[in-house]
Structures are given as C-alpha cells and as structure tokens.
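Please read the structure below before turning to the comments.
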2 protein chains.
Amino acid sequence: MATSRTDPLTLEVVELIGTVVARYYEEYEQAAARHALTGAQARVLGLLALDPLPMRHIAQKLRCEPSNITGIVDRLEARGLVERRPDPDDRRVKLAVPTDEGLDTARRLRDSLGFAREPLGELTETERTLLRDLLKRMLGVDVA
Amino acid sequence: MATSRTDPLTLEVVELIGTVVARYYEEYEQAAARHALTGAQARVLGLLALDPLPMRHIAQKLRCEPSNITGIVDRLEARGLVERRPDPDDRRVKLAVPTDEGLDTARRLRDSLGFAREPLGELTETERTLLRDLLKRMLGVDVA
DNA sequence: TATTGTTATACTCTATAACTATA
DNA sequence: TATAGTTATAGAGTATAACAATA
C-alpha cells in the first residue's frame with residue numbers, strides 16, 4: 001500500500017511504461033512478420049519452443065479460448081513448424097510439439113528481437129541492475 | 001553503444017519488460033472491455049480525448065492503414081462516443097471529435113486503468129523517480 | 001457426467017487495392 | 001495530378017455455443 005494514486009510522478013511513470021509497451025509490442029510484431037508469422041503465431045511458437053504443451057494449456061498461457069488455438073496451430077502445422085502428437089496417457093489430449101525447423105525459427109525470432117537489448121545498451125551495468133530490481137519489485141517478484 | 005548483447009543481466013531485464021508488457025496489455029484490454037470497447041476503439045477514443053484529429057492522423061498515430069480507422073470510428077460513432085465533423089479549411093478532411101459522453105467514457109477508462117498505478121505503489125517516491133529516469137534514458141528521452 | 005479438442009458462427013482488426021470527392 | 005476518406009475484399013484473431021471422442 002502506498003499513497004501513489006494520481007501524483008504527477010506516478011502518472012509520468014505510467015505514461016513512460018505505456019510508451020515502452022507500445023514500442024515493444026510494435027517491434028515484436030515486426031520481428032514476427034520478418035519470419036512471415038503473425039504475433040499470435042510467434043507467441044505460440046515461442047511458448048512451444050520452451051516446452052511442448054497440450055492445446056488447452058497453450059490457451060491458458062495465452063489467456064484465450066481453446067478454440068482459438070486450433071486455428072493458430074493449424075497454420076503453424078501447415079508451415080511445418082509444429083506437429084500435433086497424441087498423448088499416450090490420455091487419448092483426448094494432443095501435444096503441440098515444434099519441429100526442428102520450428103525450433104530454429106523460434107531461436108532466430110528470439111535473437112532478432114532487438115528491442116530492449118538495443119535501448120538497454122544506453123544503460124550502464126549498474127543501471128541495468130537497478131532497473132531489473134525495480135521492475136522485479138513492481139511485478140511483485142521476490143528480490144533476494 | 002555498449003557491450004550489452006546477450007549477457008544474463010540484459011536478458012533478465014528483457015524478460016522482465018516482456019512480463020510488464022504482457023500484464024499492461026492484458027489489463028488495458030480488460031479495462032476497455034469493462035466499457036464495452038475493444039482495445040483499438042479504446043486507443044482511438046483515448047487519443048481523440050486529448051485532441052480531435054483528422055482520420056488520417058489517427059492512422060498515423062496508431063501506425064495502421066487509414067482504411068482501418070473508418071470502421072473503428074464508425075463503431076464509436078454508432079455508440080454516440082465520437083462525431084465526424086467537416087474541416088472548414090479542406091472539405092476532403094473529416095475531423096473525429098469525441099462527444100461529451102465520449103470524453104466521459106475516456107476519462108473513466110483512464111481512471112480505471114489500475115495497472116502501473118497499483119504496482120507502482122510498491123515503490124517509494126525515490127524509487128519511482130529512479131525508475132522514471134531509467135525508462136527515459138532507455139527510451140532516448142532527454143533527462144534534464 | 002466431465003473433459004479435450006474441434007467445428008460453426010459472428011464480430012473485429014488488419015492490409016491491399018480501387019473508388020469518390022475534393023485540392 | 002495528388003490527397004483524404006471510403007468501400008470492397010480477404011485473412012487472421014477472438015468469444016460463444018455445440019459437437020465427437022475419450023475419460
């Protein structure tokens with residue numbers, strides 16, 4: 001709790017965060033487009049590159065309805081970036097698994113995401129450490 | 001210029017920013033939905049609440065094609081939140097102007113945007129000042 | 001009965017191209 | 001001819017509801 005409602009400083013920080021969000025989002029969409037992917041497709045592929053997931057879990061991670069994932073994975077599968085595999089433990093479940101090409105695309109996508117790497121270059125290591133800890137506290141992550 | 005390419009600290013900050021972006025975006029969409037608006041409609045209305053704009057300028061601000069704005073403003077106009085007014089200086093131009101109800105909706109929308117106000121409450125004033133200056137430097141804004 | 005994934009449907013956002021009315 | 005806004009079109013994402021297969 002704190003008394004930070006609508007004071008000018010808080011409003012200024014909120015606006016700056018809005019700017020960061022807009023810039024990050026735009027760069028993410030552009031990076032996805034350079035790989036002929038939509039933002040949603042890139043997010044799903046990036047998720048699966050970390051760990052194959054049942055369709056329903058993808059929806060939970062992306063906070064959307066499971067029915068949407070069907071179409072997105074359909075398009076990734078048509079591109080040869082993802083495969084659907086049956087779950088031997090529960091035949092209702094289908095696991096979405098990235099192919100080798102999918103993993104490669106996900107890696108290149110990640111590497112090409114210049115944002116926040118390039119602008120972060122403006123900051124010294126001390127400043128980046130400071131920023132990291134402030135963001136962590138803001139997000140409610142325990143700072144050891 | 002700096003040597004911050006893929007060092008663990010930079011990657012950690014990039015990931016934290018990604019988390020901030022995801023949370024902010026989601027909260028924005030939810031706030032818009034509470035006012036029965038889509039995200040795009042809320043962004044246009046919020047923009048016009050600051051200053052009425054010609055259709056084309058809205059597209060420039062949102063970085064999308066002008067043809068998209070036609071539909072978005074159509075829907076806002078159908079809801080009585082925005083009006084199209086002729087520009088007396090150039091009869092090709094239409095100014096999108098928020099109605100009183102539109103201004104009121106924009107204000108309530110802005111006030112209901114809890115994000116970054118609530119989590120920012122976790123930070124002291126000194127920390128918020130620090131965060132502000134770090135974000136400004138990151139974004140290439142001159143810090144006086 | 002409950003759950004997983006899909007299909008069907010409708011709406012919105014998006015880019016592209018062609019059109020109109022002005023300039 | 002150039003520009004502002006619109007229309008037409010097609011593709012993609014989204015939520016909702018209903019469905020088949022499996023649990």
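Throughout, a chain's letter reflects where its sequence line sits, starting with A, and its residues are numbered from 1. Fair warning: this is a prediction, and the values are worked out from it, not measured in the lab.
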Looking only at heavy atoms, the pair that brings His35(A) and Ser112(A) closest together is NE2-OG, 3.7 Å

dA21(D), OP1 or OP2 - any side-chain N/O from Lys94(A) closer than 4.0 Å? no

Are there any protein N/O atoms within less than 3.5 Å of an N/O atom in nucleotides 21-23 of chain C, and if so, which ones and at what distance?
residue	atom	partner	partner atom	Å
dA23(C)	OP1	Arg91(B)	N	2.9

How many whole angstroms separate atom CZ of Arg75(A) from atom C1' of dA10(D)? 13 Å

Figure out the CZ/C1' separation between Arg85(B) and dG5(D), and round it to whole Å. 18 Å

On DNA chain D, nearest-nucleotide positions of Val93(B) versus Asp74(B): which is more 5'? Val93(B)

Length of the line joining Arg43(A):CZ and dG13(D):C1', which is rounded to integer Å: 10 Å

Does any non-hydrogen side-chain atom of Leu48(A) lie less than 4.5 Å from one of Val97(A)? no

Mind listing the closest non-hydrogen atom pair of Arg84(B) and Lys94(B) along with its distance? CD-CD, 4.0 Å

Result for 5'-nearest mapping on DNA chain C, choosing between Arg63(B) and His57(A), is His57(A)

Glu77(B) CD to dT12(C) P, straight-line distance once rounded to whole Å: 15 Å

Has Gln60(A) got more than 12 heavy atoms of other residues, nucleotides or ligands less than 6.0 Å from its CD? yes

Protein N or O to nucleotides 16-19 of chain C N or O, pairs below 3.5 Å:
residue	atom	partner	partner atom	Å
dT16(C)	O4	Ser67(B)	OG	2.7

Ile72(A) CD1 to dA15(D) C1', straight-line distance once rounded to whole Å: 13 Å

With respect to the side chain of Arg56(A), which nucleotide from dG5(C), dA15(D), dA15(C) is positioned closest? dG5(C)

note: Gln41(A), atom CD; dG11(D), atom C1'; distance rounded to Å ~ 11 Å

For atom OH of Tyr25(B) and atom P of dC13(C), their distance in whole Å: 11 Å

For Gln30(B), look at atom CD and say whether over 12 heavy atoms of other residues, nucleotides or ligands are found less than 6.0 Å away. yes

Count the heavy atoms belonging to other residues, nucleotides or ligands that lie under 6.0 Å from CD of Glu26(A), then report whether that count exceeds 12. yes

Counting only heavy atoms not in Arg107(B), do more than 12 fall under 6.0 Å of its CZ? yes

Which whole-number value in Å describes the distance from Leu62(A) CG to dA15(D) C1'? 15 Å

Heavy-atom neighbours of Glu125(B) CD exceed 12 at 6.0 Å: no

What verdict does the salt bridge (Lys or Arg N to Asp or Glu O under 4.0 Å) test give for Asp133(B) and Arg137(B), after you've listed the backbone C-alpha separation in whole Å, the side-chain angles of each residue and the deciding distance to 0.1 Å? CA-CA 6 Å; Asp133(B) 292 341; Arg137(B) 289 203 44 208; over 6 Å; no

Less than 4.0 angstrom between a side-chain N/O of Thr38(A) and OP1 or OP2 of dG11(D), yes or no? no

